[in-house]
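These notes concern the structure reproduced below.
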Amino acid sequence: MSAASPNLIQSLRHDEIVNCMRCGFCLTACPTYKLSGHEPKSPRGRIALARAVAEGQLTLADITAPLDQCIGCRACETACPAGVHYGEILEAARATIVKHKEQSAGERFIRQVGLRWIMGTPTGIRLGAFGIWFWQATGLSWLARKTGLVKAVAGQAMAEMEAALPKAPSPIKRYMGGGSGHVFPAKGERRARVGYFTGCIQEMVFWQENRDAIALLQAVGCEVHIVPGQGCCGAVHAHTGEEHTGHEQAKRNIGAFERFEIDYVVNAAGGCGAALKEYRLWLSREPQWAQRAEKFSRSVRDVSEILLALGPVPMGPRPGRVTLQDSCHMRNVQKLVSEPRKLLAQVPGLEFVEIGNADSCCGAGGVYNVVQPETANLIGKDKASRVKATGARSLVVTNPPCQLHMRASLMRAGMDKEGVEVIHIATLLRQSMDAVVRPSDK
Ligand code: SF4
Ligand code: SF4
């Protein structure tokens, strides 16, 4: 076979690929390798496959399936002694595959409507949020479940995800709860001015969790701005080979937040936070954006970082045994491991039990559970049994895809009927904050 073109070599990030010294230290960190035992389903194997394409020994079609099967959890990066940026290699390879692949009409439709129109614009996100509320409030969701319509049209995995959706707030509740442009004042003396990054899935599906995080930020002295003009972080686009749309999201968000004088950009979604912190890498090759992206990324904080820096949050009793499923991108990319644990340790009456395999992905992987449901559900099943083994009544999460995927996984295991809940850390901390007995309550 002839060598690949210089453009293909560059777009596959051959310069990064060659840093892999094939030692294999990453293998045992990889959930898909642990499940299969197959080298092409390992980080080392996937890097070798991308290298083979760049060096003209394989075609992009040969490596599409093994790369599609990667969750993108980036646990391999934390195990790599050579500091290989696997995430960059994966995203570059997926973007190259999407660019060169003949797409079916269905795939083109999903990419155009779902990724570019709905998740790719602020208006689309608002429409998506309205659509979910309308679907549930009018009984369409109930009817579709009863008749098996969701399963028939979108498959078993989507039907289970749909069933796991929490009840969406009405448009009036959203409006009253503070939408785009709203400013939430600090409680007491203002100690920081923050721009809150609402996200797409987080704001569409887990709106209340965002408001819980904002209430906590207010309690530690933050004035919180819901910066208008912001959209999706672009992670879902980067993970699905839509590199251009992902970078467009980054530019929109940087432009929107730059218009405000703020100390930090704060979010409560591990995956979004990782993407926002990586804008500096995404746009490093675009001279007119590199500096702006660097400045933006340096200002990004997960809500847990701010609560620890400016707290403590006043907390009342919130009894119960809980365990925590780390968000991979919060743990492996943002390197925030102790932060959620320290916050949970501050809650009076709470018993925290570490889950087995805490450093391993739950299988959600952004949209991995939709495109690779078999593997995602196997991993989710294992996680559910590990939650059960802890005896916890609450599984605490820090990222919306994990929240939805673990809700579906616990439902599949019948654990929701046993009273085991999946709860965002901001909601749990707010419950504790709301339980503070004020002198006027006595
Ligand atoms: S990102 Fe996760 S699933 Fe993919 S190769 Fe790395 S460890 Fe394995
Ligand atoms: S640990 Fe790093 S250098 Fe070693 S095989 Fe994995 S990616 Fe390559």
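Each ligand, and each atom within it, is numbered from 1 in the order the structure gives. We're numbering straight along the sequence, starting at 1.
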Q. Which of the numbered atoms in ligand 1 are below 4.0 angstrom from a heavy atom of P43?
A. 5 (S)

(Q) Could you measure the distance from the NZ atom of K388 to the CG atom of L410? Nearest 0.5 Å is fine. (A) 10.0 Å

**Q.** From H247, H244, E242, residue fulfilling side chain to side chain contact (heavy atoms under 4.5 Å, CB included) relative to H237
**A.** E242

Q) Taking only heavy atoms of I71, which atoms of ligand 1 are found under 4.0 Å from at least one of them? A) 3 (S), 4 (Fe)

Q.
Among all the protein's non-hydrogen atoms, which is closest to atom 6 (Fe) of ligand 2, and how far away is it?
A. C26 SG, 2.3 Å

**Q.** Numbered atoms and elements of ligand 2 in range of P81, under 4.0 angstrom, heavy atoms
**A.** 1 (S)

Q.
I need the atoms of ligand 1 closer than 4.0 Å to a non-hydrogen atom of G72, numbered in the order shown.
A. 1 (S), 4 (Fe)

Q | C30: numbered ligand 1 atoms lying under 4.0 Å from its heavy atoms | A | 3 (S), 5 (S), 7 (S), 8 (Fe)

Q.
Could you identify the single nearest non-hydrogen protein atom to atom 4 (Fe) of ligand 1 and state the distance to 0.1 Å?
A. C70 SG, 2.3 Å

Q: Could you list which atoms of ligand 2 come closer than 4.0 Å to a heavy atom of M21?
A: 3 (S), 8 (Fe)

Q.
Between R285 and E88, does any side-chain N to carboxylate O distance fall below 4.0 Å?
A. no

Q. In ligand 1, which numbered atoms sit nearer than 4.0 Å to a non-hydrogen atom of R74?
A. 1 (S), 2 (Fe)

Q. Should you measure from each heavy atom of R22, which atoms of ligand 2 turn up under 4.0 Å away?
A. 5 (S), 8 (Fe)

Q) Does the distance from a Lys or Arg side-chain N to an Asp or Glu carboxylate O, for E248 and R252, drop under 4.0 Å? A) no

Q: Rounded to the nearest 0.5 Å, what's the gap from CG on L27 to OG1 on T32? Could you check?
A: 10.0 Å

Q. N/O/S of C20 less than 2.8 Å from atom 4 (Fe) of ligand 2?
A. no

Q) Can you tell me which residue and heavy atom of the protein come closest to atom 5 (S) of ligand 1, and the distance to 0.1 Å? A) R46 NH1, 3.2 Å

Q: Check whether any side-chain N or O of T323 sits under 3.5 Å from a backbone N or O of I355 as a donor-acceptor pair, and report yes or no.
A: yes

Q: May I ask you to list the atoms of ligand 2 that are less than 4.0 angstrom from any heavy atom of R44?
A: 5 (S)

**Q.** Shortest protein contact, atom 2 (Fe) of ligand 1 (heavy atom only)
**A.** C73 SG, 2.3 Å

Q) About how many Å separate CD1 of I425 and CE of M330, when rounded to the nearest 0.5 Å? A) 7.0 Å

Q. Just by modelled atom types, is the G87 backbone N or O under 3.5 Å from a matching donor or acceptor in the E77 side chain?
A. yes

Q: Decide, counting backbone as well as side-chain atoms, whether C80 has an N, O or S atom less than 2.8 Å from atom 2 (Fe) of ligand 2.
A: yes

Q) Using 4.0 Å as the upper bound for N to carboxylate O, is an ion pair formed by E91 and R13? A) no

Q. Heavy-atom contacts under 4.0 Å between E77 and ligand 1: side chain, backbone, both, or neither?
A. neither

Q) Should the proximity of Y86 to ligand 1, defined as any heavy atom under 4.0 Å, be assigned to the side chain, the backbone, both, or neither? A) side chain

Q | Side-chain donor or acceptor of S297 paired with backbone N/O of E294 under 3.5 Å | A | no

Q) How long is the gap from OH on Y196 to CD on Q230, to the nearest 0.5 Å? A) 9.5 Å

Q: For G24, counting its heavy atoms only, list the atoms of ligand 2 lying under 4.0 Å from any of them.
A: 4 (Fe), 5 (S)

Q) Do any heavy atoms of C76 fall under 4.0 Å from ligand 2? A) no

Q.
What I want to find out is whether E203 reaches R211 closely enough, with some N-O distance under 4.0 Å, to be called a salt bridge.
A. yes

Q. Between I47 and ligand 2, which residue portion shows a heavy-atom distance shorter than 4.0 Å: side chain, backbone, both, or neither?
A. side chain

